[in-house]
Amino acid sequence: MICDYEGSDYKTRFWQNADRAYEDAVERVALRRMLPEKGRRIVEFGAGFGRLAELYTGYEEIILLDYSRTLLEQAQERWGGDPRFKFVAADIYHLPFAAGVMSAATMIRVIHHIEDVPAALQQISRAIAPQGKFVLEFANKRNIKSMTRYALRRQKWNPSQPEPFEFVKLNFDFHPAWMLEQLRLAGLKTERTLAVSYLRSGLLKRIVPVALMVYADAVLQLTAPLGLLSPSVFTLNSRASVSDESADGQAASGDDIFRCPRTGQKLRRDGDLMVNEDGLRWQARGNFFDFKEPV
Ligand SMILES: C[S@@+](CC[C@H](N)C(=O)[O-])C[C@H]1O[C@@H](n2cnc3c(N)ncnc32)[C@H](O)[C@@H]1O
């Protein structure tokens with residue numbers, strides 16, 4: 001099942017009309033620390049309205065992928081004039097990419113909506129080139145607040161248990177050890193972690209200037225090797241395994257990076273369509289590709 005943001009007011013409700021300047025800023029600090037500044041081709045999985053897209057502008061090609069066409073259209077309004085950008089409506093469980101085409105990838109605030117993490121990470125890993133980088137953010141179930149609540153018997157579920165905790169339908173918190181193991185099983189080697197958003201509190205936001213909170217968070221992020229108890233965790237991963245099919249993926253250019261999300265077949269461009277060998281057709285208007293449903 002997919003957490004569907006089609007038609008959602010996520011941009012205004014969650015970011016613009018809410019007090020989240022601190023969260024936005026500290027996520028940028030973490031991403032800047034982990035993501036190589038420059039590279040051939042980057043994709044953000046679940047990019048939404050492209051909140052973080054300016055951090056990718058050191059790359060030659062930038063792909064924003066999301067299941068929500070409406071959010072992607074908002075991203076296109078902001079970034080569509082830059083010829084390096086492609087906007088791809090697709091499902092992470094059925095990615096429309098050839099193997100090994102991405103030099104870097106990110107996924108921020110998305111995996112908490114994914115109920116089959118191993119399946120999603122397999123798809124993502126396959127799209128990344130050997131030695132390519134993947135920055136993954138996930139919501140940490142073993143955070144200070146949940147640990148304290150459990151210790152005081154204000155919460156029944158045990159944050160130290162490894163399995164994902166679904167606190168609302170299609171919203172999961174994860175144990176760091178469990179998530180790192182899933183990354184490993186998908187052929188992604190975790191090189192670094194950052195403990196992000198320790199200061200996420202309504203009270204602190206009211207009394208401490210944002211700039212000071214961001215500064216303190218930037219220091220606290222580096223405590224990750226001592227233990228991960230923050231509500232959000234950033235991981236930097238490297239695609240470890242090298243398979244023949246992905247070895248020269250980065251050399252693909254233009255529309256050659258795409259594959260049919262249903263069959264994996266090559267696609268050819270025919271005007272505003274991408275067509276597979278069986279005649280299945282997907283809409284492709286300019287730099288906006290729609291791989292949700294065939295037309
Ligand atoms: C909380 S938003 C985060 C957006 C963006 N990463 C950010 O941090 O601003 C979650 C996003 O994940 C996308 N998403 C959830 N499940 C997905 C799936 N199976 N395939 C593609 N996108 C998905 C949603 O459409 C939504 O835009």
Side-chain angles (χ1 to χ4, degrees), residues 1-18 20-32 34-35 42-56 62-79 85-97 102 104-127 134-140 164 166-174 194 196-197 200 231-235 258 261-262 282 288-293:
M1 202 191 285
I2 295 172
C3 188
D4 198 349
Y5 277 63
E6 201 63 85
S8 137
D9 59 354
Y10 176 67
K11 180 177 180 177
T12 44
R13 181 182 42 80
F14 195 85
W15 292 105
Q16 290 178 345
N17 299 340
R20 291 210 166 80
Y22 159 74
E23 284 87 346
D24 179 61
V26 298
E27 287 171 19
R28 286 166 193 268
V29 170
L31 201 46
R32 279 203 183 91
M34 290 190 147
L35 191 66
I42 187 165
V43 58
E44 179 173 353
F45 296 110
F49 62 91
R51 176 173 67 96
L52 300 166
E54 62 192 333
L55 300 185
Y56 310 140
I62 302 150
I63 295 152
L64 302 183
L65 178 143
D66 202 275
Y67 195 69
S68 164
R69 295 183 187 105
T70 35
L71 291 182
L72 271 184
E73 279 159 10
Q74 291 170 7
Q76 192 183 28
E77 274 169 32
R78 168 71 180 85
W79 295 101
F85 276 81
K86 286 186 172 73
F87 307 88
V88 178
D91 174 13
I92 288 164
Y93 292 117
H94 300 99
L95 287 178
F97 300 124
M102 304 298 169
T106 65
M107 187 153 88
I108 318 292
R109 288 182 176 265
V110 175
I111 206 159
H112 65 280
H113 290 318
I114 297 290
E115 58 184 351
D116 190 347
V117 168
L121 289 181
Q122 279 297 338
Q123 287 277 304
I124 287 168
S125 180
R126 186 179 167 278
F134 174 45
V135 178
L136 171 72
E137 181 276 346
F138 67 89
N140 181 11
E166 188 172 24
F167 56 97
V168 173
K169 184 76 188 151
L170 284 180
N171 281 263
F172 300 88
D173 284 345
F174 301 98
L194 291 172
V196 179
S197 258
R200 191 184 287 173
S232 168
V233 174
F234 274 62
T235 64
F258 292 114
R262 296 233 174 133
W282 310 88
F288 196 107
F289 298 79
D290 193 334
F291 289 107
K292 283 179 72 171
E293 294 294 335

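Note that ligands are numbered from 1 as they come in the structure, with each ligand's atoms numbered from 1 the same way.
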Visitor: With sequence neighbours left out, what residues match Glu166 under side-chain contact (heavy atoms from CB on, under 4.5 Å)?
Guide: Lys169, Phe172
Visitor: On a heavy-atom basis, which atom in Glu137 and which in Arg109 lie closest, and how many Å separate them?
Guide: OE1-N, 2.8 Å
Visitor: Using the six-membered ring of Phe14, assess whether NZ or CZ of Arg20 lies under 6.0 Å from its centre and within 45 degrees of the ring axis.
Guide: yes
Visitor: Tell me every residue that passes side-chain contact (heavy atoms from CB on, under 4.5 Å) with Ala75, counting only those two or more places apart in sequence or in another chain.
Guide: Leu64, Phe87
Visitor: Measure and list all N/O to N/O distances between ligand 1 and the protein that fall under 3.5 angstrom.
Guide:
residue: ligand 1; atom: 6 (N); partner: Glu44; partner atom: OE2; Å: 3.3
residue: ligand 1; atom: 6 (N); partner: Gly46; partner atom: O; Å: 2.7
residue: ligand 1; atom: 6 (N); partner: Ile108; partner atom: O; Å: 2.8
residue: ligand 1; atom: 8 (O); partner: Arg51; partner atom: NH2; Å: 2.8
residue: ligand 1; atom: 9 (O); partner: Arg51; partner atom: NE; Å: 2.9
residue: ligand 1; atom: 19 (N); partner: Asp91; partner atom: OD1; Å: 2.9
residue: ligand 1; atom: 20 (N); partner: Ile92; partner atom: N; Å: 2.9
residue: ligand 1; atom: 22 (N); partner: Tyr67; partner atom: N; Å: 3.2
residue: ligand 1; atom: 25 (O); partner: Asp66; partner atom: OD1; Å: 2.6
residue: ligand 1; atom: 27 (O); partner: Asp66; partner atom: OD1; Å: 3.1
residue: ligand 1; atom: 27 (O); partner: Asp66; partner atom: OD2; Å: 2.7

Visitor: Please identify each residue that fulfils ring pair (Phe, Tyr, Trp, His ring centres under 6.0 Å) with Phe289, with sequence neighbours left out.
Guide: Phe258
Visitor: Show, in sequence, the C-alpha distance, side-chain angles and deciding distance for Met107 and Phe134, and conclude whether the side-chain contact (heavy atoms from CB on, under 4.5 Å) test is met.
Guide: CA-CA 8 Å; Met107 187 153 88; Phe134 174 45; 3.9 Å; yes
